[in-house]
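Naming convention: chains lettered A, B, ... in sequence-line order (proteins, then strands); numbering from 1 in each chain.
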Number of protein chains: 2
Amino acid sequence: MTRLAKRAAASSKRGVTMSDVAQLAGVSPMSVSNTYKQPAKVSPETRQRVFEAAAKLGYLPNLLAGTLASGRSRIVGAIVPSLRNSNFAGMIQGLEETLGQHGCELMLAVADDPERELRAVQAFLGRRLDGIVLTGIEHSPEVAALLRRADVPVVETWSLNGPFIDMGVGFSLFDAAFEMVQMMVQKGYRRIGFAGYNPPGNPRFAERQKGFEAALRQAGLRDDLLYFGPEALGFATGRLALEALLSSEPKLDGLFCVTDVLAAGAIFDCARRGWPVPDRLAVAGYGDYDIAAELTPGLTTVRTPGHAMGSRAATLILASVETGRPSERIIDVGYELVIRDSI
Amino acid sequence: MTRLAKRAAASSKRGVTMSDVAQLAGVSPMSVSNTYKQPAKVSPETRQRVFEAAAKLGYLPNLLAGTLASGRSRIVGAIVPSLRNSNFAGMIQGLEETLGQHGCELMLAVADDPERELRAVQAFLGRRLDGIVLTGIEHSPEVAALLRRADVPVVETWSLNGPFIDMGVGFSLFDAAFEMVQMMVQKGYRRIGFAGYNPPGNPRFAERQKGFEAALRQAGLRDDLLYFGPEALGFATGRLALEALLSSEPKLDGLFCVTDVLAAGAIFDCARRGWPVPDRLAVAGYGDYDIAAELTPGLTTVRTPGHAMGSRAATLILASVETGRPSERIIDVGYELVIRDSI
DNA sequence: CTGAAAGCGCTTACAG
DNA sequence: CTGAAAGCGCTTACAG
């Protein structure tokens, strides 16, 4: 195939380019570009002719070529461990909404181990995204090094504990847990257990455990009634937690759970045992999932601002790209104790 | 600033390019490119030197430039109405996983109205994505026209009813609902109501309603006990459905719900009324959410294969890009009735 | 307000 | 196995 034939074939497949529009409108490609990007720099008549030609040809600007030339992709990448978790789903949704309002797109990677995270970061960097949003503050040294070296805006979420690679948005998981357990103590519960997930020390839950322990220690109470079960089992783990903790402390009167799923499982199990909640056992959750309000009794829990976190992360990145690094680079989005009847 | 100074500044910011690597390795840029893309075409020594130079410089290939030159972005876009719905979250996760296994990335847009969907499609097309995954088969004419004209692989999901813009993967929502309601009839329930969402005829739920009505009509039973409530209310809508349907048919003995959330709400309300399920009222759900197995009694429901759908959609697109349009362009991923104790 | 020139960082098809 | 040339479709900075 001759080069010319090839070009023709390619072009018929490829579709309309800026020069095609320029030609039909009888202007230069530059004026077409300016019509879209700097309309003020173009006379109304030129603009008009460009728009008409573009419409006639069904022209769609190739944003990729624009990115290569301008250095701005208008895409931000995000990595979350899972979408099954509504916290992360909420964050992604908040991110997407705010990005969309500013004409940017979201590239999403699901990575629940350091290796996948590294690959995702490489893929993002290779595409020269405008910014990257990470979940948590625990990343492999490679990831941190890569990100720093690339000098791309990065936001780490769900934590307020630096040092951050670049920027951070989160809230204090420690404070939230501490305050919740402190409230349980104030209400008179004395033998409070902790239900968490394997492996112990899982960074996503370790802060809550520390808050739990600190509140009990401060009150002079036992802080070692700990249970760690499989996360994959869903509600069933709540039952397992109850069984395990009761076997080491039959008079257990309170349970602090690292997720509402766990708390719901425990409450379901209390119902089966015929135990009144909170009279026989007080149960507190974490996350304020849909189910929290529907349980009987309503679950007292911590509301985590996933959506707000996503939208603030987007704001931070957009600001970095548009006006340089923002002065406030760490944002506390707070948390909220939702008081219902389970404690 | 002189052009040279500008270039130097830009280049220090921009980072390492293929020519930098070529220069350090003492080979041509072509050989660097081939080292990554066609290793077989390069001698082992050259390869070696390229890798060393790349590592020394911290070279990250600019995939964007590659896309512009080659026409393949290795990105596929997906549009879902929401991520709060675990069906869609599951599909996205399946999509992302399969894409990731093939070295592709996912661009995600959340769009719950035709206008946002159109904007997302334009953004995707403008970036020359390798394929686009849509939710449902109801799209504005503009969207369909744009997509057809762009000649990009498109997969529509959650339905088996054509005509498709290009390809489809789904299962029969009608069959699933029909089979479930048929089973309720076989078990002896005679006054079965339907709990759905406003507005009636919502395409995401209309098929299930048709299946419901068909099963009852075939059995010679009333098929007009219908309730449509607000989706935003969560479990509460299940209670509202029960109240409304009971007021028009006090002897209601069965309830088919378009989501497990609705079914759970109804079961919670039965508990509050002291009504045994299924003896006083049989309840069937749809979706097999986490909560279905944890309710008392366990909820009989339809399991929808969101994850499988996402991963099949990815396969379809990858096949289209790599080996041309697949011969099988509509895939039925099936559904499953999960029988527990609520009917 | 307008446009010719150079460049973004790769890949393609080709000749050696 | 190797590399010079042309091109992907835009934008940048500039001169008119």
| request: Could you note down all residue pairs passing salt bridge (charged side-chain N to carboxylate O under 4.0 Å, His left out) where residues 32-52 of chain A supplies at least one of them, sequence neighbours left out? | output: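 Counting only pairs at least two positions apart or across chains, no salt bridge (charged side-chain N to carboxylate O under 4.0 Å, His left out) contact touches residues 32-52 of chain A.
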inquiry  = Listing request: all salt bridge (charged side-chain N to carboxylate O under 4.0 Å, His left out) pairs with a residue in residues 87-99 of chain A, at least two apart in sequence or in separate chains.
reply    =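 Output for this query lists A:E96-B:R116.
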Nearest whole Å is fine: how far is [N] [atom2] from [X] [atom1]?
X: A:M18; N: C:dG3; atom1: CE; atom2: P; result: 13 Å
X: A:R49; N: C:dC1; atom1: CZ; atom2: C1'; result: 13 Å
X: A:M30; N: C:dC1; atom1: CE; atom2: C1'; result: 12 Å
X: A:Q23; N: D:dC10; atom1: CD; atom2: C1'; result: 17 Å

Problem - By side chain to side chain donor-acceptor pair (under 3.5 Å) - contacts of A:S159 (at least two apart) - result: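 None.
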Output all residues satisfying side chain to side chain donor-acceptor pair (under 3.5 Å) with B:S82, sequence neighbours left out; order by chain, then residue number.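 Residues passing side chain to side chain donor-acceptor pair (under 3.5 Å) with B:S82: none at all.
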Review point. Sub-3.5 Å donor-acceptor pair from the side chain of A:D130 to the main-chain atoms of A:V76, do we have one?
Key: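 No: the side chain of A:D130 does not pair with the backbone of A:V76.
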| Taking A:R127 for the side chain and B:N62 for the main chain, is one N or O donor matched with an acceptor at less than 3.5 Å? |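 Flag not set: sc A:R127 to bb B:N62 has no pair under 3.5 Å.
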DNA chain D contacts made by residues 33-48 of chain A, counting heavy atoms under 4.0 Å
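Those residues whose heavy atoms fall under 4.0 Å from DNA chain D, taken from residues 33-48 of chain A in numerical order, are A:S33, A:K37.
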- Set of side-chain contact (heavy atoms from CB on, under 4.5 Å) partners for A:R312, sequence neighbours left out: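 Residues passing side-chain contact (heavy atoms from CB on, under 4.5 Å) with A:R312: A:V169, A:I331, A:V333.
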Side-chain donor-acceptor pairs under 3.5 Å in residues 315-324 of chain A, sequence neighbours left out?
{"from": "A:T315", "atom 1": "OG1", "to": "A:S311", "atom 2": "O", "distance (Å)": "2.8"}
{"from": "A:S320", "atom 1": "OG", "to": "A:L316", "atom 2": "O", "distance (Å)": "2.9"}
{"from": "A:T323", "atom 1": "OG1", "to": "A:A319", "atom 2": "O", "distance (Å)": "3.0"}

- Could you pull out all residues at least two apart from A:F124 that satisfy ring-ring contact (aromatic ring centres under 6.0 Å, His included)?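 ring-ring contact (aromatic ring centres under 6.0 Å, His included) list for A:F124, sorted by chain: empty.
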inquiry  = Please determine whether a side-chain nitrogen or oxygen atom of B:S28 lies at a distance below 4.0 Å from atom OP1 or OP2 of D:dT2.
reply    =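 For D:dT2, neither OP1 nor OP2 has a side-chain N or O of B:S28 closer than 4.0 Å.
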Pairs of donor and acceptor atoms involving the side chains of residues 134-149 of chain A, under 3.5 Å and at least two apart or interchain, shall be tabulated with distances.
{"from": "A:T135", "atom 1": "OG1", "to": "A:I79", "atom 2": "O", "distance (Å)": "2.7"}
{"from": "A:H139", "atom 1": "ND1", "to": "A:E117", "atom 2": "OE1", "distance (Å)": "3.2"}
{"from": "A:H139", "atom 1": "ND1", "to": "A:E117", "atom 2": "OE2", "distance (Å)": "2.9"}
{"from": "A:H139", "atom 1": "NE2", "to": "A:G136", "atom 2": "O", "distance (Å)": "2.9"}
{"from": "A:H139", "atom 1": "NE2", "to": "A:E156", "atom 2": "OE2", "distance (Å)": "3.1"}
{"from": "A:S140", "atom 1": "OG", "to": "A:V143", "atom 2": "N", "distance (Å)": "3.3"}
{"from": "A:R149", "atom 1": "NH2", "to": "B:L57", "atom 2": "O", "distance (Å)": "3.0"}

Distance-only criterion, 3.5 Å: show the donor-acceptor pairs between side-chain atoms of residues 160-167 of chain B and protein atoms not counting sequence neighbours.
{"from": "B:D166", "atom 1": "OD1", "to": "B:R325", "atom 2": "NH1", "distance (Å)": "3.3"}
{"from": "B:D166", "atom 1": "OD1", "to": "B:R329", "atom 2": "NH2", "distance (Å)": "2.6"}
{"from": "B:D166", "atom 1": "OD2", "to": "B:V154", "atom 2": "N", "distance (Å)": "2.9"}
{"from": "B:D166", "atom 1": "OD2", "to": "B:R325", "atom 2": "NH1", "distance (Å)": "3.3"}

Exercise for review: Residues of residues 50-70 of chain A with any non-hydrogen atom less than 4.0 angstrom from an atom of DNA chain C: list those, numerically ordered, please.
Suggested key: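 Residues of residues 50-70 of chain A under 4.0 Å from DNA chain C: A:L68, A:A69.
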### Query
Taking both distances under 3.5 Å as the test for a Watson-Crick or G-U pair, what stems of at least three pairs does DNA chain C have?
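C:1-3 with D:14-16, C:5-12 with D:5-12, C:14-16 with D:1-3 - these are the stems of 3 or more pairs that involve DNA chain C.
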